Structures are given as structure tokens and as C-alpha cells.
K.L.:
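Have a look at the structure that comes next, please.
Computed from heavy atoms alone, side chains included, the values below leave out hydrogens, waters and symmetry copies. Quantities reported herein were computed from a predicted structural model and do not represent experimental measurements.
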Amino acid sequence: MRANTLTTLTLWAALAGSASLLMTAPAQAQAARYELDPDHTTVAFLVDHIGYAKILGLFRSVRGSYRFDEATATLSDVRIEVETASVFSNQRKRDDHLKGPDFLNSGEFPRMVFTATSAKRSAERNFEISGQLELLGKSLPLTLQATWNKSAESPLGGPLRKPYVMGVSARGSFKRSAYGMNYAVANGWVGDEVPLIIEFEAVRQ
């Protein structure tokens, strides 16, 4: 009788433990994964031209993903890939020059990649994202100041499924000479500091 009682208690304890694990699983679940929507993603840059004005350019081919937990505002696994040959500044001759060895050297280095694994929250919807920018075979630190604009179901979804979308604005800058991109730096014709403008919508998977 005692053996049966012990067996029953052991069984109930095992079941209770399993139930406890099931109850805590959602709290321990990984943050949601997001993928950038290429139709609503812009990675652009500004470069000073002889002090007269800044040239605005962008990259037409960008992809990326990250993980984000809204409840804790925890960001991780950030990776944004830019196809350097997709550079566009609204002037064909200049774009060809930008793709060449004086600047992006797209033939040898087809991608520019930003990666980050964490972020520091500076305000309710503002984050400082520290990561690495890989360009021209070098990987150097880059910090982005990001604003979490909005997260909600998109009104543009179909009747059966409305995607959950997160919108972000981010800014940063780097010195191109740090990557060995020294063309026209010494004479000041082309600015060394390159401000980055990043605007994107990302879809929760």
C-alpha cells in the first residue's frame, strides 16, 4: 500500500513538474524574428562635395533580419546586408565611379554588412545599437541611434492575414578613410565623414 502511495505521489510530482515547465515556456521563448521589407527599406548616405553641398545616395538592394522582444525591448541578432553594386546617386558616371576601386570596389567586395547582438535603451522608444560595419574587407565599430516608431498589424495586409510590422528610423556615420577609401580625402574634394540614413519596416515572422 505504501509503495502504491509513493508511486502515485511520484507520478503527480512528475505531472506537476511538466505543467510548470509548460506554464513558464512562453516567458522563456525566444524574441520574435523580424525580416526587413525590401519595398519599405532605405539605406542612404550623404557625402560632402568640395564644401558646396552634400551628395545624397542610396543602395537599391538591402536585406536583413533581427530579433526583438517588445515586452522587454530586447534587441538581438541584427544583420543588415547591402549589395554595394546597387549604389545609386542619380548620375550614371558617378555611380560607376562609386562601384569602382576608388570607393566601394563592388567587384571584389560585393556586400557591406552591419551586425549587432544587443542595444542599450536610452529612452522609451530610443536605442543605441553598437555593432560592426564590414566594408572593403575590414570590420570596424559602428553605433546607430535608432527610434522605434511603431509596431502594429499593417492595414495593407490581405483579408486572411494582416502582417505585424515594426517601423524604425536609424542614424549613424563612419569615416571612409578608416576602411582605406582615401580617394579625394587629402584635398577635401570628397568628404571623409559619411552620415547614414536608415529607414525600414520589418515584418514579424
K.L.:
So which heavy atom on A119 is nearest to which on L75, and how close?
P.N.:
CB-CD2, 3.8 Å

K.L.:
Just do the side chain to side chain contact (heavy atoms under 4.5 Å, CB included) check on V87 and F103 with the steps written out, would you?
P.N.:
CA-CA 11 Å; V87 66; F103 292 100; over 6 Å; no

K.L.:
Do R171 and E199 sit within salt-bridge range, that is, some charged N less than 4.0 Å from a carboxylate O?
P.N.:
yes

K.L.:
Report all side-chain donor-acceptor pairs from residues 45-56 shorter than 3.5 Å, counting only partners two or more places apart or in another chain.
P.N.:
unit_1 : atom_1 : unit_2 : atom_2 : d
D48    : OD2    : G51    : N      : 2.8

K.L.:
Over all heavy atoms of both residues, which pair between D95 and N90 is shortest? Give the atoms and the distance, please.
P.N.:
OD2-N, 4.0 Å

K.L.:
CZ of F200 to CD1 of I80: how many Å apart, nearest 0.5 Å?
P.N.:
6.0 Å

K.L.:
Distance only, no hydrogens: is a donor on one side chain within 3.5 Å (strictly under) of an acceptor on the other, for R94 and S89?
P.N.:
yes

K.L.:
About how many Å separate CZ of F88 and CG of L98, when rounded to the nearest 0.5 Å?
P.N.:
11.5 Å

K.L.:
Given the rule in the side chain to side chain contact (heavy atoms under 4.5 Å, CB included) test, do S154 and Y164 qualify, once you have shown the distances and angles that lead to the verdict?
P.N.:
CA-CA 6 Å; S154 172; Y164 191 81; over 6 Å; no

K.L.:
Does the side chain of F114 come within less than 4.5 Å of I129's, by heavy atoms?
P.N.:
yes

K.L.:
Look at the rings of H97 and Y183 and say which category their plane angle falls in: under 30° parallel, 30 to 60° tilted, over 60° perpendicular.
P.N.:
perpendicular

K.L.:
Is any side-chain heavy atom of M112 closer than 4.5 Å to one of F59?
P.N.:
yes

K.L.:
Side-chain donor-acceptor pair under 3.5 Å between T84 and S106, yes or no?
P.N.:
yes

K.L.:
Any side-chain heavy atom of M181 sitting closer than 4.5 Å to one from L135?
P.N.:
yes

K.L.:
Whether E128 and R121 form a salt bridge (side-chain N of Lys/Arg under 4.0 Å from carboxylate O of Asp/Glu) is what I want to check.
P.N.:
no

K.L.:
Could you pull out all residues at least two apart from D77 that satisfy salt bridge (Lys or Arg N to Asp or Glu O under 4.0 Å)?
P.N.:
R67

K.L.:
With the side chain counted from C-beta on, respond yes when S130 and T143 share a heavy-atom pair under 4.5 Å apart, and no when they do not.
P.N.:
yes

K.L.:
Kindly say whether G191 contributes a backbone atom to a donor-acceptor pair with the side chain of R176 at under 3.5 angstrom?
P.N.:
yes

K.L.:
Does the plane of the ring in Y66 sit parallel, tilted or perpendicular to the ring in Y34? Use 30° and 60° as the thresholds.
P.N.:
parallel

K.L.:
What is the minimum heavy-atom distance between F174 and L142, and which atoms define it?
P.N.:
CB-CD1, 4.4 Å

K.L.:
For E83 and R111, what are the C-alpha separation, side-chain angles and deciding distance, and is it a side chain to side chain contact (heavy atoms under 4.5 Å, CB included)?
P.N.:
CA-CA 5 Å; E83 300 293 333; R111 279 177 293 279; 3.8 Å; yes

K.L.:
Kindly compute the distance separating CD (Q132) from CZ (R79), expressed to the nearest 0.5 Å.
P.N.:
12.5 Å

